[in-house]
Amino acid sequence: MENNKIRLRFAPSPTGMLHIGGARTALFNWLYARYSKGTFILRIEDTDQVRSTEEAVNVILEGMKWLGLDWDEGPGKEGKYGPYYQMQRLSLYKKYAQQLLKEKKAYYCYCTKEELAESRKRQLKVNKSHPKYDRHCLNLSDEEKRKYEKEGRKPVIRYKIPEKKIVFNDLLRGEVSFDGELLSDFVIVKSDGIPTYNYAVVIDDALMNITHVMRGDDHISNTPKQILLYEALGFDVPKFAHIPMIMGEDHAKLSKRHGAASVMEYRKMGYMPEALVNYIAHLGWSPGNDREIFSIEEIIKQFSLKNISKHAAVFSTDKLNWFNNEYLKKMPVDSLTKLLLPYLKEADYIKDEKLSPEKFEWVKEIVKLMLGRFRNFSQFIDYADYFFTDKIDIESKAFRTVLNKDGVLDILTTLKEKLSVVENWDEESLEDAVRGVASSLKIKAGKIIHPTRVSLTGKKIGPGLFELMVVLGQEKNVKRIEEAIEKIKEAKKNAN
RNA sequence: GCCCCCAUCGUCUAGGGGUUUAGGACAUCGCCCUUUCACGGCGGCGACAGGGGUUCAAAUCCCCUUGGGGGCACCA
């Protein structure tokens with residue numbers, strides 16, 4: 001029973017950020033594991049000693065946790081197939097390499113980089129299509145080996161490619177076949193004794209009993225090499241599913257230069273993990289109906305290899321924004337406000353995330369006013385600055401087109417007088433006050449509303465004026481209108 | 001260069017021989033709501049890459065071309 005269980009893994013190499021593409025691969029593996037009540041394993045492929053860092057490991061673990069992709073086995077969750085860091089599994093790779101060596105399925109190679117390059121150049125001259133390793137070291141005598149060792153050469157271990165057709169049945173693409181003759185004897189153990197990716201991944205997936213290997217389709221051409229190794233080692237070959245890649249808006253492989261490419265950047269920008277997950281789930285997958293907003297449980301229930309598409313998908317920030325906004329609108333204001341606190345703290349809008357109940361209520365009022373007007377938390381920080389700061393910056397265009405106009409000075413002066421004596425600082429009284437000023441000056445209310453908004457917020461756009469005035473409070477209202485009046489006067493003086 | 005994968009609106013996709021004047025979503029445009037922006041409502045624009053087959057019938061099946069992507073390391 002236990003042996004029939006579906007086991008999938010996500011096996012990132014900790015050489016940088018948790019990429020959006022990697023996150024989507026992780027998500028699909030996780031979804032399929034959860035859907036099939038299988039096991040999801042996280043394995044760290046840290047055999048690139050130059051580029052791997054502990055920090056990158058942490059970023060990956062944190063990113064996975066933030067997205068809600070919990071693993072059943074892996075770092076911090078040792079299972080019976082551990083360890084889950086490749087650098088802690090070196091003895092395993094060594095053991096099976098020895099087996100291949102003994103069975104003459106692999107051999108030591110002492111060729112230097114220069115010699116390899118030389119050989120390639122020679123081949124290009126005669127048979128330019130597919131140069132491969134010339135097998136110079138395939139049948140080295142012990143004496144030759146000793147000679148090379150004396151020269152200080154450290155050998156690699158190469159796998160000897162059997163020249164046959166390799167066919168596999170991809171779960172998404174059907175039959176895929178490669179000609180073994182085109183493959184070169186590739187290195188499985190580097191001269192420093194560390195295994196290469198194509199070798200280590202096979203040992204680990206086999207030993208960890210991985211049943212389904214789901215990964216980006218950039219791995220399709222690695223698959224024949226890996227299948228050959230499974231067969232050479234006598235392991236069962238897992239099922240493969242190569243999922244389409246995610247591209248940037250320019251249709252090139254998603255990378256740093258596309259702006260935000262890492263999961264953590266999206267957290268920083270204030271996207272909700274549920275929204276990000278919902279969106280990237282739809283990159284290359286569709287449940288086949290017209291709905292798009294789904295809880296993670298609903299996605300798990302509907303997830304199937306059958307409705308994964310085969311072609312690459314372009315990442316769209318616009319659509320992500322829409323997803324995020326849908327989640328923001330659905331969220332209770334209370335919870336939303338709580339989520340926002342760290343960002344407010346980060347922006348120095350509040351001193352401490354622990355707010356008094358009154359202050360929390362006040363922030364909540366602001367969130368209510370802003371709801372639907374921001375697509376992520378950093379936009380909230382940008383758009384709602386005037387609630388939290390003392391000094392506001394009046395956008396120059398707003399000043400020019402709204403405040404620095406004939407008659408505005410009188411309007412604001414009259415309004416300021418009126419506002420400083422308003423007794424009940426609530427929406428109704430304020431609307432009465434403003435409309436009262438309008439009728440006494442014989443102008444339309446809009447003529448007052450716009451300059452007032454700019455005076456109070458520095459912006460031409462924002463929530464309803466009267467509700468905004470209530471939250472801002474009488475003192476700030478009067479003060480900001482006074483400041484605006486001064487600025488207008490100054491501008492007029494400079495103009496003359 | 002060689003090998004492999006892929007191909008429906010600008011983007012994500014539905015559709016898997018007749019139910020299709022090819023459906024939805026994002027974006028975009030217009031109108032309504034409105035003090036502004038957003039939200040919401042209504043509507044518009046917008047695609048089967050091309051060519052051959054197969055078939056009574058093809059976006060759907062096959063082939064070729066073209067286009068896009070990926071891989072050809074002592075990186076993963």
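Quick caveat: nothing in here was measured; it's all calculated off a predicted structure. Here is the naming used below: chain letters follow the sequence lines, and residue numbers restart at 1 for every chain.
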(message) When you measure from the side-chain N and O atoms of A:Lys459 to the phosphate of B:rA38, is any distance below 4.0 Å, counting only OP1 and OP2?
(response) no
(request) Among residues two or more places apart or on two chains, list those pairs meeting side-chain hydrogen bond (donor to acceptor under 3.5 Å, both in side chains) that have a residue in residues 441-458 of chain A. (result) none
(message) Please determine whether a side-chain nitrogen or oxygen atom of A:Arg373 lies at a distance below 4.0 Å from atom OP1 or OP2 of B:rU36.
(response) no
(message) Within residues 309-326 of chain A, which residues have any heavy atom lying less than 4.0 Å from an atom of RNA chain B?
(response) A:Ser309, A:Lys310, A:His311, A:Ala312, A:Ala313, A:Val314, A:Asp318, A:Lys319, A:Trp322
(request) Establish, from distance only, whether the side-chain atoms of A:Asp334 and A:Thr337 form a donor-acceptor pair under 3.5 Å. (result) no
(request) Could you check whether A:Thr47 gets within reach of a base, just the sugar-phosphate, or nothing at all, counting any heavy atom under 4.0 Å? (result) sugar-phosphate
(message) Looking only at side-chain N and O atoms, does A:Asn198 offer a donor or acceptor that is under 3.5 Å from a partner on A:Tyr159?
(response) no
(message) It should be established whether A:Lys329 places a side-chain nitrogen or oxygen under 4.0 Å from OP1 or OP2 of nucleotide B:rG40.
(response) yes
(request) Using the C1' atoms only, state how far B:rG30 lies from B:rC45, rounded to an integer number of Å. (result) 10 Å
(request) For A:Ser119 and A:Gln123, test the side chains for any donor-to-acceptor distance below 3.5 angstrom and give the result as yes or no. (result) yes
(request) Classify the side chain of A:Ser191 and the base of B:rC74 as holding, or not holding, a donor-acceptor pair under 3.5 Å. (result) yes
(message) So, OP1 or OP2 of B:rG16: does either fall under 4.0 Å of a side-chain N or O from A:Lys306?
(response) no
(request) Any strand is fair game: report the nucleotide pairing with B:rA14 by Watson-Crick or G-U wobble, both distances under 3.5 Å, or none. (result) none
(request) Identify the nucleotide, in any strand shown, that forms a Watson-Crick or G-U wobble pair with B:rG40, with both distances under 3.5 Å; if there is none, say none. (result) B:rC32
(request) Using the side-chain hydrogen bond (donor to acceptor under 3.5 Å, both in side chains) rule, collect all pairs that involve residues 300-318 of chain A, keeping only residues at least two apart or in two chains. (result) A:Trp285-A:Asn307
(message) Does either side chain, that of A:Asp204 or that of A:Tyr93, offer a donor lying less than 3.5 Å from an acceptor on the other one?
(response) yes
(message) Tell me the interatomic distance from A:Phe186, atom CZ, to B:rC75, atom P, rounded to whole angstroms.
(response) 14 Å
